[in-house]
Amino acid sequence: MLIDLHAHSTASDGTDTPAELIERAAAAGLDVVAITDHDTTAGWTEAFETRDRLDRRLTVVPGTEFSCVHVDASGRRVNLHLLGYLFDPEHPALRAEREGQRAARLSRAATIVQRMVDDGVPITWEQVAEYAGGGPVGRPHIGRALTAAGVVADVNAAFAGPLSHTSPYYLGKPNTDVLRMIDLVRDAGGVSVFAHPLAHRRGPIVDDDAIAEMARHGLVGIEADHPDHDGPARAQARALAADLALVVTGSSDYHGTNKTRNELGVCTTAAEAYEALFDRPTARRPVS
Ligand code: AMP
Ligand code: FE
Ligand code: FE
Ligand code: ZN
């Protein structure tokens with residue numbers, strides 16, 4: 001069984017349409033793929049429709065990768081990503097939270113672009129908005145504009161330079177408190193998994209106490225096998241999962257050509273873990 005529980009489409013910052021993503025998952029020989037765009041469920045319907053047209057068995061798990069923040073007792077804030085699966089997309093409080101997140105992304109990206117434009121960087125907001133295509137705007141879309149303008153060689157270089165969290169252009173997002181998001185996902189009938197918890201290359205990460213707190217709050221799983229985790233990080237995530245009775249997942253975090261080295265299926269989830277994750281009443285079922 002090849003199970004990949006984290007992938008992006010053009011509904012957020014991937015470069016494959018939801019239909020292309022599902023076709024590619026089938027061509028890659030996956031048995032299960034989750035569509036988990038940032039802060040949106042907009043790709044779900046197209047993904048299900050595409051799955052229904054396939055002449056090969058593939059299960060699609062609908063999900064979303066939520067932008068969150070953890071605040072510890074001393075007030076230290078660390079941004080993190082929480083994957084929610086199989087929740088009711090119409091649940092009013094969760095729907096309102098997603099809409100708020102998308103609005104916050106829009107104004108934040110506009111400010112980052114304005115800072116660049118004011119500084120003489122030859123990109124435009126129209127260009128960035130076009131790359132985002134009406135979906136949640138993220139730094140990868142700005143990275144594409146910077147690449148097209150020849151300011152950087154590629155999106156990776158943009159993330160290492162003008163888009164890095166230490167760059168003067170950088171601005172954070174007012175992310176949702178992760179404990180509140182775990183509650184919302186559960187209230188909406190879903191299951192939550194901490195995405196790439198130990199990916200320190202991306203920026204500051206939370207400590208073990210924070211993960212324990214999230215586990216007590218109802219977190220169900222954590223990603224251990226992820227392209228942004230090195231060997232020690234994967235082992236640490238597995239050890240934490242064993243201590244805290246969390247399900248261990250693995251995923252590619254595929255983004256198409258917006259991100260290198262993350263082909264679908266490069267990291268996968270064990271069949272037993274998949275069953276443990278979803279062997280509970282959820283608002284939706286995987287679509288097979
Ligand atoms: P944002 O959500 O706007 O803060 O941008 C962060 C997103 O950019 C992450 O969720 C990744 O999908 C993506 N990302 C992070 N690092 C890179 C990179 N080196 N190249 C392309 N995309 C990246
Ligand atoms: Fe992304
Ligand atoms: Fe993420
Ligand atoms: Zn992701």
Side-chain angles (χ1 to χ4, degrees), residues 4-16 21 34-40 42-43 63-70 77-85 98 101-113 115-116 128-129 131-133 135-147 152-167 169-176 178 181 192-206 222-223 225-229 233 237 249-263 267:
D4 187 340
L5 293 180
H6 184 166
H8 296 263
S9 76
T10 51
S12 67
D13 59 355
T15 53
D16 288 1
L21 174 68
I35 177 166
T36 56
D37 281 299
H38 295 284
D39 309 327
T40 185
T64 294
E65 185 173 21
F66 294 106
S67 307
C68 298
V69 61
H70 179 268
R77 298 172 70 84
V78 175
N79 294 329
L80 57 89
H81 288 167
L82 187 78
L83 292 158
Y85 298 107
R98 291 196 304 278
Q101 289 190 325
R102 294 199 296 272
R105 278 182 169 281
L106 194 66
S107 61
R108 172 255 201 165
T111 304
I112 295 177
V113 170
R115 286 178 181 178
M116 291 178 170
V128 173
Y131 286 129
V137 196
R139 283 180 286 161
H141 305 116
I142 307 175
R144 283 170 70 181
L146 291 166
T147 307
V152 290
D154 55 26
V155 177
N156 254 324
F159 267 86
L163 292 176
S164 110
H165 66 98
T166 56
S167 154
Y169 302 120
Y170 181 79
L171 185 66
K173 309 186 287 288
N175 295 334
T176 310
V178 68
M181 190 56 92
S192 53
V193 170
F194 189 175
H196 45 74
L198 305 172
H200 51 79
R201 266 183 300 166
R202 289 165 173 249
I205 57 170
V206 295
I222 56 174
E223 281 183 342
D225 294 316
H226 183 283
D228 290 356
H229 282 175
T249 70
S251 342
S252 65
D253 203 355
Y254 175 76
H255 279 73
T257 56
N258 262 351
K259 229 165 156 184
T260 45
R261 292 191 302 111
N262 291 24
E263 278 310 315
C267 294

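Residue numbers run from 1 in the order of the sequence given. Counting starts at 1 for both ligands and their atoms, following the listed order.
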Shortest non-hydrogen contact between [X] and [Y], atoms and distance:
X: Ala157; Y: Val152; answer: CB-CB, 4.1 Å
X: Ile222; Y: Ala237; answer: CD1-O, 3.3 Å
X: Ser12; Y: His8; answer: OG-ND1, 3.4 Å

Can Asp13 and His141 be counted as having a side-chain donor-acceptor contact under 3.5 angstrom?
-> no

Polar contact flag, side-chain donor to acceptor under 3.5 angstrom, Asp4-Ser251 = no

Of the backbone atoms (N, CA, C, O) and the side-chain heavy atoms from C-beta on, which set of [X] has a member under 4.0 Å from an atom of ligand 1: side chain, backbone, both, or neither?
X: His165; answer: neither
X: Glu65; answer: neither
X: Asp13; answer: side chain

Under 4.0 Å from a heavy atom of [X]: which atoms of ligand 1 are those, numbered in the order shown and with their elements?
X: His81; value: 10 (O)
X: Val155; value: 20 (N), 21 (C)
X: Lys173; value: 1 (P), 2 (O), 4 (O)
X: Gly138; value: 3 (O)

Give a yes or no on whether Glu65 keeps an N, O or S atom under 2.8 Å from the Fe ion (ligand 3).
-> yes

Opening angle at the Fe ion (ligand 3) [ND1, His81; NE2, His196; to 10 degrees] = 100°

Heavy-atom proximity to atom 2 (O) of ligand 1 ranks first, among Arg105, His255, His38, His141, for Arg105

Selection from Arg139, His196, Arg202 by shortest heavy-atom distance to atom 1 (P) of ligand 1 | Arg139

Considering only N, O or S atoms of Asp13, the one closest to the Fe ion (ligand 2) = OD2

Apex the Fe ion (ligand 2); atoms His38 NE2 and His255 NE2; angle rounded to 10 degrees = 130°

Exactly one candidate in Asn79, Asp39, Thr176, Leu82 meets side chain to side chain contact (heavy atoms under 4.5 Å, CB included) with Ser67; the answer is Asp39

Side chain to side chain donor-acceptor pair (under 3.5 Å) with Tyr254: of Asp16, Thr15, Thr36, Asn262, only one passes, and it is Asp16

Does His8 have a non-hydrogen atom less than 4.0 Å from ligand 1?
-> no

Validation row, ring centre His229 to ring centre His196 under 6.0 Å | no

Backbone N/O of Phe66 and side chain of Thr64: donor-acceptor pair under 3.5 Å | no

